[in-house]
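Quick caveat: nothing in here was measured; it's all calculated off a predicted structure.
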Protein chains: 2
Amino acid sequence: MKKVLNNTISVDCVIFGFDFEKLNVLLVDRVLVDEKTGKELFSDLTLTGNHIFEDESLEDAAARILFDLTGLENIYLKQFGAFGDTERLLKPNDQAWLRASGRDPHSRILSVGYYSLLATEKVTLKWKGRNVKWYPVAEVTDLAFDHYTILQSALQALRRELLYEPIGFELLPEKFTLSQLQKLYEVVLGVELDKRNFRKKIARMKYLIPLDEKQKGVAHKPARLYMFSREVYEKTRKEVFDFNI
Amino acid sequence: MKKVLNNTISVDCVIFGFDFEKLNVLLVDRVLVDEKTGKELFSDLTLTGNHIFEDESLEDAAARILFDLTGLENIYLKQFGAFGDTERLLKPNDQAWLRASGRDPHSRILSVGYYSLLATEKVTLKWKGRNVKWYPVAEVTDLAFDHYTILQSALQALRRELLYEPIGFELLPEKFTLSQLQKLYEVVLGVELDKRNFRKKIARMKYLIPLDEKQKGVAHKPARLYMFSREVYEKTRKEVFDFNI
DNA sequence: AAATCAAAGTGTTTTTTCAACACTAAACAG
DNA sequence: CTGTTTAGTGTTGAAAAAACACTTTGATTT
């Protein structure tokens with residue numbers, strides 16, 4: 001049996017999934033049932049998180065959480081923050097939950113947040129008893145603990161990263177159309193983009209490889225498929241900063 | 001006496017200071033002396049760090065560390081990462097140090113990193129027995145623990161932040177010249193900038209306020225002084241992302 | 001008092017990027 | 001064969017970026 005490193009450190013994963021229409025996030029339905037009456041006391045949503053084992057780095061723990069939920073490995077994972085406010089576990093539901101699960105409700109837990117990016121179609125969720133589902137990020141209003149704050153922080157980090165690094169591809173299947181890529185930028189950044197200008201811009205990215213292959217089974221002109229080349233990206237990425245205050 | 005939250009969580013501060021010439025960082029000279037012979041076994045450098053108290057948020061702890069060293073409050077502080085690799089304390093010197101200071105050398109410590117920005121001239125270091133000094137960032141080659149990695153990570157975060165947010169002013173005294181500001185960008189980003197183009201660019205920043213005041217005591221044409229206006233910045237900052245892949 | 005030194009300050013031109021905008025082409029559905 | 005739907009494609013004017021050199025001002029030196 002693996003030993004837990006320390007009951008005051010946990011890793012929370014904000015697992016984003018894109019389905020060509022909207023950005024989703026994996027959330028766990030946390031139901032607290034009264035032990036005596038068997039009645040449901042409340043139900044709310046949390047991010048997917050877990051403690052960290054003794055022989056595990058933070059990133060290993062994040063990867064493990066992701067693997068346990070999705071069965072996927074080698075998924076893009078990025079640390080975006082550590083959350084340690086003194087009041088982060090003090091909401092009434094959270095206190096009840098901590099007591100019910102046998103933990104000290106006055107304990108502090110430090111959470112290190114990682115976000116990861118998936119094409120929802122790649123995933124068949126492994127529920128493992130827990131009620132884990134995709135929820136549209138735009139519709140999430142509040143979460144247990146300080147998880148809403150953590151989610152917003154992840155979203156902000158994702159947006160910023162998306163603007164400067166080619167990570168959008170992580171949210172798409174291997175082969176994708178330019179319209180899908182554009183939609184992704186629009187959804188994540190919350191903007192509308194001009195189709196022609198968008199295509200001009202990405203035409204400059206050498207690591208976006210056009211394939212001799214087209215969409216199939218669509219009731220309109222089928223789009224050309226593209227894929228991302230990590231090799232080309234790593235060869236051509238510029239190390240230097242643009243000076244662009 | 002305050003209780004330490006948990007001996008496996010610490011906060012490390014990367015305190016950057018700018019002196020109009022180069023970027024510096026505050027480091028602690030860690031000297032290990034043999035208890036029996038009194039001989040110095042080794043001496044190396046660490047970042048300034050500390051554990052976190054029970055009633056303290058991460059940011060409070062970072063602010064406290066900074067205050068203890070410099071006596072300054074309300075200093076810009078930014079979290080840039082959490083470091084929890086399994087091997088981060090395993091170098092021989094680090095092991096010896098941990099043993100000598102009565103700690104379990106096999107313990108894992110999670111460090112949350114904050115960087116902060118100062119004009120070196122604002123600071124009179126409060127040594128408090130420890131040997132704390134400014135070192136030019138460019139000349140730091142290795143540090144104890146994984147602190148070199150942490151420093152590089154802080155530097156990267158600072159550079160990125162500097163490109164998109166007006167945080168350069170935090171590294172300068174209240175009143176400064178445009179040449180000093182330019183030098184700051186050059187030093188932090190490691191680039192050379194054209195004076196005229198630089199001035200054209202910053203002329204667009206409304207929050208950079210020209211004063212009716214000039215440099216004194218310089219053996220050349222004295223430069224006009226400027227200051228940063230947080231108010232103007234907060235009024236005019238744009239919430240929207242530029243789409244700039 | 002004049003000459004020298006050192007950094008301040010200032011414009012123009014060319015190139016590149018950004019933003020706005022509308023029609024034709026291809027596949028499937030009916 | 002017609003309609004529907006999305007793919008795909010260029011031009012122009014405006015703004016920003018990049019390249020580039022001389023004059024001004026105050027303090028210091030002679």
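Summarising the geometry, the separation between CD1 on B/Ile202 and P on D/dA17 is reported as 13 Å, rounded to the nearest angstrom. A/Asn197 places its CG atom 11 Å from the C1' atom of D/dG10, with the value rounded to the nearest Å. The NZ atom of A/Lys201 sits 13 Å away from the C1' atom of C/dA20 (whole-angstrom rounding). Between B/Asp194 atom CG and C/dT10 atom C1' there is a gap of 12 Å when expressed in whole angstrom units. What separates CZ of B/Phe198 from P of C/dT10 is a distance of 14 Å, to the nearest Å. In this structure, A/Lys195 places its NZ atom 11 Å from C1' of C/dC23, rounding to the nearest Å. Distance NZ (A/Lys183) to C1' (D/dA7): 16 Å, rounded to an integer number of Å. Summarising the geometry, the separation between CG on A/Leu163 and P on C/dC18 is reported as 13 Å, rounded to the nearest angstrom.
For B/Arg224 and D/dT25, the shortest distance from a side-chain N or O to OP1 or OP2 is not below 4.0 Å. Phosphate proximity of C/dA8 to B/Ser179: present, with a side-chain N or O under 4.0 Å from OP1 or OP2. Listed pair A/Arg199 / D/dG8 meets the phosphate criterion, a side-chain N or O lying under 4.0 Å from OP1 or OP2.
When each of A/Ala223 and A/Arg196 is assigned the nucleotide of DNA chain D bearing its nearest heavy atom, the one mapping closer to the 5' terminus is A/Ala223.
Taking a 4.0 Å limit (strictly below) on heavy-atom distances, residues 211-222 of chain B reaches DNA chain D at B/Val218, B/Ala219, B/His220, B/Lys221, B/Pro222.
Take B/Glu170 and apply the salt bridge (charged side-chain N to carboxylate O under 4.0 Å, His left out) test, not counting sequence neighbours, and it matches B/Arg230.
One can find a donor-acceptor pair under 3.5 Å joining the base of D/dT11 and the side-chain atoms of A/Lys200.
Checking D/dA17, C/dC18, D/dT9 against every side-chain atom of B/Arg204, the shortest atom distance belongs to D/dA17.
With hydrogens and angles left out, the side-chain atoms of A/Asn50 and A/Ser10 include no donor and acceptor closer than 3.5 Å. Using modelled atom types and a 3.5 Å distance limit, the side chains of A/Arg88 and A/Thr149 yield no donor-acceptor pair. Looking at A/Gln152 and A/Tyr148, their side chains do bring a donor and an acceptor atom within 3.5 Å of each other.
Between A/Leu193 and A/Phe198, the closest heavy-atom pair is CD1-CD1, 4.0 Å. Across all non-hydrogen atoms, the minimal contact from B/Glu174 to B/Met227 is O-CB, 3.4 Å.
Relative orientation of the A/Phe169 and A/Phe228 rings is parallel, given thresholds of 30° and 60° on the angle between their planes.
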